Structure formats: C-alpha cells, structure tokens
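This report refers to the structure that appears directly beneath it.
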Amino acid sequence: MMDHQLVRQLRGQVGSQLAEQRRSDEFLGRPAMGPDVERQYARSVIQTTLTEHFRAQAAAGLGVPSAEEEAVLAEAVHASLFGAGPLQPLLEHPDIENIDIQGDRTFVVYAGGRKERHAPLVDSDEDLIELVQTLAATAGLSSRSWDTANPELDLRLPDGSRLSAVMGVTRRPALSVRRARLGKVFLEDLEGNGTLPAEVGQFLRAAVRARKNCIIAGATNSGKTTLLRAMANTIGPEERLITVERALELGLDEFEELHPDIVVMEERLPNSEGQGAVSMAQLVRRSLRQNPSRVIVGEVLGDEIVTMLQAMSQGNDGSLSTIHANGSAEVFDRIATYALQAQERLPIEASHMLIAGAVNFVIFLRQVRDRESGEYHRRVVSIREVNGFDGRVLSSEVFRLDPFGQLLPGAPITCLDDLAEHGYYPSGVWT
C-alpha cells in the first residue's frame, strides 16, 4: 500500500525546491527551464530528497524500503507534481478503459468489459477532493472550481482522458475517468479492431472528403469520440479546423503534422461571482467568424445545437459532432428536444426542417457483446442518410445489421455520385 501522507510530504519538499530554483533562475537572469527539463530536474531533486529521508529513517532505527519500493515512491511523488497523482499508474496501464472512484472504493474496467476492484487510491474523502481540485486548477484552458458551490466538474487530463467528478450531491465525493486509449487514431485502426468493416471505413472517408455533415451518435462509452477523432484525421492539413468542446477531449491540436491550422475552444464556466461564463452556443457562433474550413463540436448537449445546425445549413459543410442517443432514428427527436429548450425555442417541426437542411448522415455505435468470449466491443451498427422533410425528417438506413450481426448495405444512398468522386465505390447492392 502506498503511504499517501508520505507522498504529500515529499511532494511539498520537492515542490519548494523547484520553486526556489525558479526564483534563483529569474534573479540571476537565466532562462526558465522548459517543461521537459524541469521534469528531469525534478527527478534528481526527488532522488536526493528520498535519500535524505531514508538516511534519517535509518539513523532513527526505522526500516528503509527496498530499491523497488523506493522507485515506486519516487514515481508517485513525480506523478503528484506533474501527472495525475495516484491516478497516474492507472492512466498509464494500456488495458484500462474506465476508472470509477467513490471515497475509498475504486473500480477499474478493462478493455473487453472485465471489471475489478482496485486498492484505494486515497486515504480519505478529503484527499480525493484535494486531488481533483489540484487537477481542476491545472488542466484545461482555464482553472475550474470544484467545491460545494460548484459540485460538478468535467475536464480533460493531460493524457487525454476525460474526468467527471461530483461532490456535495453524493454521500461521498465521486469521480469517473474514461481513458483515451487511442490518441492518434485513424479509420484504418477502427477497421483493424473490428469497430467497423473496411467498406464502411471507405464510405466514411469519402463522406468526410465530400464535406458531408455527420453526427456520430451512441450511448455513453460507445466510442463516439474515438470515431470522431478518426474521421477528423481524414481531413487534410490544408484545412482550418475550429473545435468547440465543453471540456477539452478531442486533442486534435496535439498532432501538428495532421492539423497545423486549428483553433481549440473550450466552454468557460462562471467564476465565484457568477461572471465570465462563455457558453457552447457563444463559442459556436464565434467559431464561424474565425474563417473555419470546418467546425467540429465535440458533444452536443444543449442550446448550441441550433447554432450548429444553422452553421451546417449556411455553407459550413463538412462539420462533425457527437450526440447521446439510443438509436440512429432517435437522433432527430433528441436534437429537436435540445432545440425546444434553447433560447430560440424552436418547435418540433421547425427543428426537423432545420435538421433536414443541415445533416447528411448519422452514424450510430453501441457496445456489442461477443457470444463466445462474453467481452464487449464497440461497433458501428447503423448509418442513416437524411433524405428530406415532410413534416418530420425523412431518412433511410444505408448501412444496417443483418440477422447475423453483420453491418451490410441497406437502402440506396442518394448522394452516391458525390461519394464516388471521393473514392467510395460500393461493393454491395447499390452497384
């Protein structure tokens, strides 16, 4: 078991030495250490601090750890300074997908759906609150509060994982982390792991290149964000992208060779006085004034949907977004519900008319259980094309599951000529 109190003590000592070094560099006119240099320097300070600590322990007749235990402690101190503290080892595990913590109860979910209880990562609720508050102060584009007055928190961790935390409204503080196991991901990767067949991959590449507006739908943890990243990485480097998110998660700006011209926008919550908020809807409107080739909205959850659809229908073709839904046909009513709650208060019929003029395709994913292994895998199970409007959105399912669970061509694609110009040549019933 990790001695969390000792980690905090050592972190304080090392942090003080790092701060003193920064002040010394500034006083002597030396250039500030870059992030990588400072991390490496911190390792040497940690090692010196540990050596002094254990020398004092030995002099007092107390036991000293083995070399392996000392190395684990050193990594824990380093992670508390530059990473996600006690979360860091789990974030670095290649097979962990989800981490759920409530107080001293910690559970991890591995790829395939296997779930295990893990040893507690913190000693108390106060330690968990301190950990999350530290992350909230340093992750994202702006510092975020997490306290009884602001009991909800969403943010992107340095490795790209998404953290959601609540306090005050639960018996004990709780957080969930969804790992970003696939960073630089392409449609070829999703074809390789079985998320989608090769023909569907070819279809999606052509849809992106043909500047079709696509909405990716599914339940929580169905793979929407990963598919959005893969589709976005089909966009050429010459295009200017604007991404709008509630909490930074997409990370498309991390790969300059793929997207050298990109502006990343993040919703800003109000401060303690209720001032300074910048909503998703405001950011979507602002993005249209930044000369975008495409606008990518990480996740639609509210009134930004009206602005986004208006942008899609007014020349900003090739936009991408995700939305929560339980089926591809349900997406249109889900959008209409958001639009009804928006400032514009669009009636259902007006929302459906706006959808029909803006959206080209809806791609739906869900987790599918393998009958033999019992493991769950993310799969594209439906693709629906928007065909028009007749009081409601008219659509057809152009890819659908057959009785054996295979995703195969369904209804004819009305814009097939556009897709053919960008490399999609169907092998199914449309030929």
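Given the structure is predicted, the values throughout are model-derived calculations rather than measurements. All values below were derived from every heavy atom in this structure, side-chain atoms included, with hydrogens, water molecules and symmetry-related copies excluded.
When atom types are taken as modelled, the side chain of Glu330 and the backbone of Arg334 share no donor-acceptor pair closer than 3.5 angstrom. Between the side chain of Ser161 and the backbone N or O of Leu157, no donor-acceptor pair lies under 3.5 Å. Between the side chain of Asp317 and the backbone N or O of Lys212 there is no donor-acceptor pair closer than 3.5 Å. Remark: the backbone N or O of Gln21 is not paired with any side-chain donor or acceptor of Ser24 at under 3.5 angstrom. Listed for the Arg378 side chain is a donor-acceptor partner under 3.5 Å among the backbone atoms of Asn221. In this structure, Arg246 contributes its side chain and Glu266 its backbone to no donor-acceptor pair below 3.5 Å. With hydrogens and angles ignored, the 3.5 Å screen pairs a side-chain donor or acceptor of Arg179 with a backbone N or O of Ile96. Judged by distance alone, with hydrogens and angles left aside, the side-chain atoms of Ser328 form no donor-acceptor pair with the main-chain N or O of Ser382 at under 3.5 Å. Although no hydrogens or angles enter the test, the distance criterion places no donor-acceptor pair under 3.5 Å between the side chain of Lys224 and the main chain of Ile215. A donor-acceptor pair under 3.5 Å is absent between the side-chain atoms of Asn233 and the main chain of Phe186, judged by distance alone.
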Can you give each donor-acceptor pair under 3.5 Å made by side-chain atoms of residues 388-396, sequence neighbours left out, with the distance rounded to 0.1 Å?
residue, atom, partner, partner atom, Å
Arg392, NH2, Asp333, OD1, 2.4
Arg392, NH2, Asp333, OD2, 3.2
Ser395, OG, Arg384, NH1, 3.3
Ser396, OG, Asn387, OD1, 3.0

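Remark: Glu249 CD to Leu163 CG distance equals 11.5 Å, nearest 0.5 Å. With values rounded to the nearest 0.5 angstrom, Leu419 atom CG is found 5.0 Å from Phe361 atom CZ. Of the inter-residue distances, the one linking Gln406 atom CD with Phe399 atom CZ reads 13.0 Å to the nearest 0.5 angstrom. Interatomic distance, Arg162 CZ to Leu250 CG, rounded to the nearest 0.5 Å: 9.5 Å. To the nearest 0.5 Å, atoms CD1 (Ile262) and CG (Leu252) are separated by 5.0 Å. Note that the OG atom of Ser319 and the CD1 atom of Ile296 stand 8.0 Å from one another [nearest 0.5 Å].
By the 4.5 Å heavy-atom criterion applied to side chains, Ile46 and Leu10 are not counted as neighbours. By the 4.5 Å heavy-atom criterion applied to side chains, His422 and Arg205 are not counted as neighbours. Counting only heavy atoms from C-beta outward, the side chains of Gln310 and Leu354 approach each other to under 4.5 Å. The closest side-chain heavy-atom distance from Thr49 to Gln17 is below 4.5 Å. Side-chain contact check for Leu365 versus Leu227: some heavy-atom pair is nearer than 4.5 Å. Residues Leu131 and Pro86 form a side-chain contact, since some pair of their non-hydrogen atoms from C-beta on lies under 4.5 Å apart. Counting heavy atoms from C-beta on, the side chains of Met33 and Asp25 come closer than 4.5 Å. In this structure the side chain of Leu121 reaches within 4.5 angstrom of the side chain of Leu90, judged on heavy atoms.
Among residues two or more places apart in sequence or in another chain, the side-chain hydrogen bond (donor to acceptor under 3.5 Å, both in side chains) test is passed with His324 by Thr220, Glu299. Residues meeting the salt bridge (charged side-chain N to carboxylate O under 4.0 Å, His left out) test with Glu239, sequence neighbours left out: Arg211, Arg294. Listed by chain and residue number, Glu70 satisfy the side-chain hydrogen bond (donor to acceptor under 3.5 Å, both in side chains) test with Gln47 (two or more places apart in sequence, or in another chain). Applying the salt bridge (charged side-chain N to carboxylate O under 4.0 Å, His left out) rule to Arg172 yields the partners Asp104, Asp125; only residues at least two apart in sequence or on another chain are considered. In this structure Glu26 satisfies the side-chain hydrogen bond (donor to acceptor under 3.5 Å, both in side chains) test with no other residue, sequence neighbours excluded. Partners of Tyr376 by ring pair (Phe, Tyr, Trp, His ring centres under 6.0 Å), not counting sequence neighbours: none found. Every residue meeting the ring pair (Phe, Tyr, Trp, His ring centres under 6.0 Å) condition with Tyr110, not counting sequence neighbours, appears here in chain and number order: His93. Looking at residues two or more places apart in sequence or on another chain, you find a side chain to side chain contact (heavy atoms under 4.5 Å, CB included) between Ala281 and Ser279, Arg285, Asp303, Glu304, Thr307. Scored by the side chain to side chain contact (heavy atoms under 4.5 Å, CB included) test, Val166 finds Glu152, Val169, Thr170, Ala174 as partners (sequence neighbours excluded). Ser16 meets the side-chain hydrogen bond (donor to acceptor under 3.5 Å, both in side chains) test with no other residue; sequence neighbours excluded. Here Ala217 pairs with Ile323, Ala325, Val331, Val362, Phe364 under the side chain to side chain contact (heavy atoms under 4.5 Å, CB included) rule; sequence neighbours left out.
Counting heavy atoms of neighbouring residues, nucleotides and ligands inside a 6.0 Å radius, atom CD of Glu254 exceeds 12 of them.
Summarising the geometry of Val185 relative to Arg229, their closest heavy-atom pair is CG1-CB, 3.6 Å, with the distance given to 0.1 Å. Here the closest heavy-atom approach between residue Arg240 and residue Gln290 is recorded as NE-O, 2.6 Å. Nearest heavy-atom pair across Pro173 and Leu128 is O-CD2, 3.5 Å.
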side-chain contact (heavy atoms from CB on, under 4.5 Å) between Val300 and Thr322, worked out: CA-CA 6 Å; Val300 172; Thr322 71; over 6 Å; no
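Residues Lys184 and Asp189 are not paired through a salt bridge, judged by the lack of any N-O separation under 4.0 Å between the basic side chain and the carboxylate.
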